[in-house]
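The block underneath contains the structure these notes are about, expressed in structure tokens.
One-based numbering, in listed order, for ligands and for the atoms of each. What you see is a predicted model; the values in this text were computed from it and never measured. What you see below is based on every heavy atom in this structure, not just the backbone, and it leaves out hydrogens, waters and symmetry mates.
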Amino acid sequence: MLAFKNKNILFLNSKLILLQHNFKRFIIRNYTNNSYSRMSLDNCKKVAAYKAVDDFVRDGSKVGIGSGSTIKYAVDRIKELGLKNVICVPTSFQSTQLIVEAGLELSDLSRTPELDITIDGADEVDKDFNLIKGGGGCQLQEKIVAYSSKKLIIVADYTKESTELGENWKKGIPIEVVPMAYVPVMKKLESSSFGLSPKLRMAVNKAGPVVTDNGNFIIDAQFSKPLSNIPQLAIDIKMIPGVVETGLFVNMTKTAYFGQTDGTCKLKSI
Ligand SMILES: O=C(CO)[C@H](O)[C@H](O)COP(=O)(O)O
């Protein structure tokens, strides 16, 4: 292996990797055979998470830490920056683990009920900043923590940006339900005018349904036509007895970072 490095350039065998990194820009490009190869989806997530942390997390920040694969990079970046007195409130067992493993200060909403920001991923973000969340089954705690924050900042790869919900995310709206209510809730969703096809989310490598961090089940409610009046739909679903929370996040964020395949980050804000 042959390696050579200066401030902005790293040569590794036949590959030239350009590293340029400051508050405003973060670019990693992989140059092989005279052409730029497109970044992996994971790198797109990393670019978005790093940029959001650089822009919003400071010494003493109280930060809600979302869940999913993108948020791992935000935790990595908070650790890497070596910021002082950052307090982190998790949104799931997974994010608790990330915070603890990174050696960051772990808190909860009882001790830290008011947060400066929450950084979290999303399964889809539409043109009006309506979100579908809960692909990882954590939407209940994610919504509570986001609601306790002055700002919710979404970090995602470019595939999560869409015009209408359902354009890219085909798995439906994740709905957390009390276990004893899952059959009547599914029947209600099916028979109502919502146009939803509900399915109980089943576990992988374990028999039976997925059980959330709160001991509940998840129903994924698929829809075949574009959702109309999303704010009303979110209320109507939530009103069904047995529904604990939906993965529809309405009016909760105004800022989203989308990592792009060329290594740049697209900031969308209203
Ligand atoms: O809502 C979530 C978990 O409940 C996640 O934020 C969402 O599924 C996005 O995950 P990823 O960062 O892995 O794409």
Side-chain angles (χ1 to χ4, degrees), residues 39-53 63-78 88-99 115 117-126 129-147 149 151-162 165-177 201-204 209-222 230 234 237 243-250 252-253 255-261 265-266 268:
M39 293 178 80
S40 69
L41 218 50
D42 262 354
N43 269 321
C44 297
K45 295 172 192 219
K46 181 175 178 177
V47 164
Y50 269 48
K51 181 82 175 100
V53 170
V63 188
I65 301 291
S67 304
S69 55
T70 314
I71 204 65
K72 175 197 173 301
Y73 296 109
V75 173
D76 287 351
R77 184 60 175 159
I78 294 172
C88 298
V89 172
T91 54
S92 62
F93 194 82
Q94 178 230 2
S95 83
T96 303
Q97 279 183 310
L98 289 174
I99 295 163
L115 303 174
I117 56 160
T118 287
I119 301 179
D120 202 350
D123 299 306
E124 197 162 33
V125 183
D126 79 4
F129 285 85
N130 296 307
L131 313 177
I132 292 182
K133 285 186 52 55
C138 310
Q139 69 271 27
L140 172 59
Q141 292 187 37
E142 288 174 333
K143 202 178 268 190
I144 295 168
V145 171
Y147 196 74
S149 308
K151 278 192 174 109
L152 169 63
I153 309 296
I154 296 299
V155 290
D157 63 74
Y158 67 97
T159 64
K160 309 298 182 64
E161 184 186 6
S162 69
L165 292 185
E167 207 172 276
N168 302 325
W169 178 253
K170 302 295 179 196
K171 295 182 182 170
I173 305 164
I175 301 169
E176 181 157 348
V177 291
R201 192 182 295 183
M202 301 307 285
V204 179
V210 165
V211 179
T212 69
D213 289 353
N214 319 296
N216 296 315
F217 291 170
I218 303 268
I219 292 169
D220 290 302
Q222 290 178 321
I230 292 165
I237 297 175
V243 169
V244 181
E245 193 49 88
T246 83
L248 287 174
F249 282 47
V250 179
M252 293 201 67
T253 183
T255 308
Y257 289 80
F258 299 102
Q260 308 293 306
T261 51
C265 187
K266 177 173 173 185
K268 256 183 104 173

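Of the protein's non-hydrogen atoms, Thr70 OG1, 2.6 Å is the one closest to atom 12 (O) of ligand 1. Looking at atom 14 (O) of ligand 1, its nearest protein heavy atom turns out to be Lys160 NZ, 2.5 Å. Distance from atom 4 (O) of ligand 1 to its nearest protein heavy atom, with residue and atom name: Cys138 N, 3.0 Å. Remark: minimum distance from atom 10 (O) of ligand 1 to any protein heavy atom is reached at Gly68 CA, 4.0 Å. The single protein non-hydrogen atom nearest to atom 2 (C) of ligand 1 is Glu142 OE2, 3.3 Å, given as residue, atom name and distance. The protein non-hydrogen atom at the shortest distance from atom 11 (P) of ligand 1 is Ser69 OG, 3.3 Å. Ranking protein heavy atoms by distance to atom 7 (C) of ligand 1, first place goes to Asp123 OD1, 3.2 Å.
Neither the backbone nor the side chain of Asp157 has a heavy atom within less than 4.0 Å of ligand 1. Contact annotation for Ser92 and ligand 1: no heavy atom of the residue comes within less than 4.0 Å of the ligand.
Glu161 meets the side chain to side chain contact (heavy atoms under 4.5 Å, CB included) test with Phe258, Lys266, Lys268; sequence neighbours excluded. Residues satisfying the side chain to side chain contact (heavy atoms under 4.5 Å, CB included) test with Lys72, not counting sequence neighbours, are Asp76, Leu98.
The two residues Ala156 and Ala48 make their nearest non-hydrogen contact at O-CB, 3.5 Å. Gln222 and Lys170 make their closest contact through NE2-O, 3.2 Å (heavy atoms, listed as atom of the first residue, atom of the second, distance).
Of all the listed residues (Gly66, Ala48, Ser67), Ser67 holds the heavy atom that lies closest to atom 6 (O) of ligand 1.
Of the possible donor and acceptor atoms, one in the side chain of Glu124 sits under 3.5 Å from a partner among the backbone N and O of Glu167.
Each of the following atoms of ligand 1 lies closer than 4.0 Å to a heavy atom of Asp120: 6 (O). Short contacts between ligand 1 and Gly134, defined as distances under 4.0 Å to a heavy atom of the residue, involve ligand atoms 1 (O), 2 (C), 4 (O). If you number the atoms of ligand 1 from 1 as listed, the ones under 4.0 Å from a heavy atom of Gly136 come out as 3 (C), 4 (O), 8 (O). Atoms of ligand 1 found under 4.0 Å from any heavy atom of Gly121 (numbered from 1 in listed order, with element): 6 (O).
By the 4.5 Å heavy-atom criterion applied to side chains, Ile71 and Thr91 are not counted as neighbours.
Remark: the Lys151 side chain and the Thr255 side chain contain no N/O donor-acceptor pair separated by less than 3.5 Å. If you check the side chains of Thr159 and Asp157, you find a donor sitting under 3.5 Å from an acceptor.
For Lys133 and Phe249, the positive end sits near the middle of the six-membered ring, less than 6.0 Å away and at most 45° from its axis.
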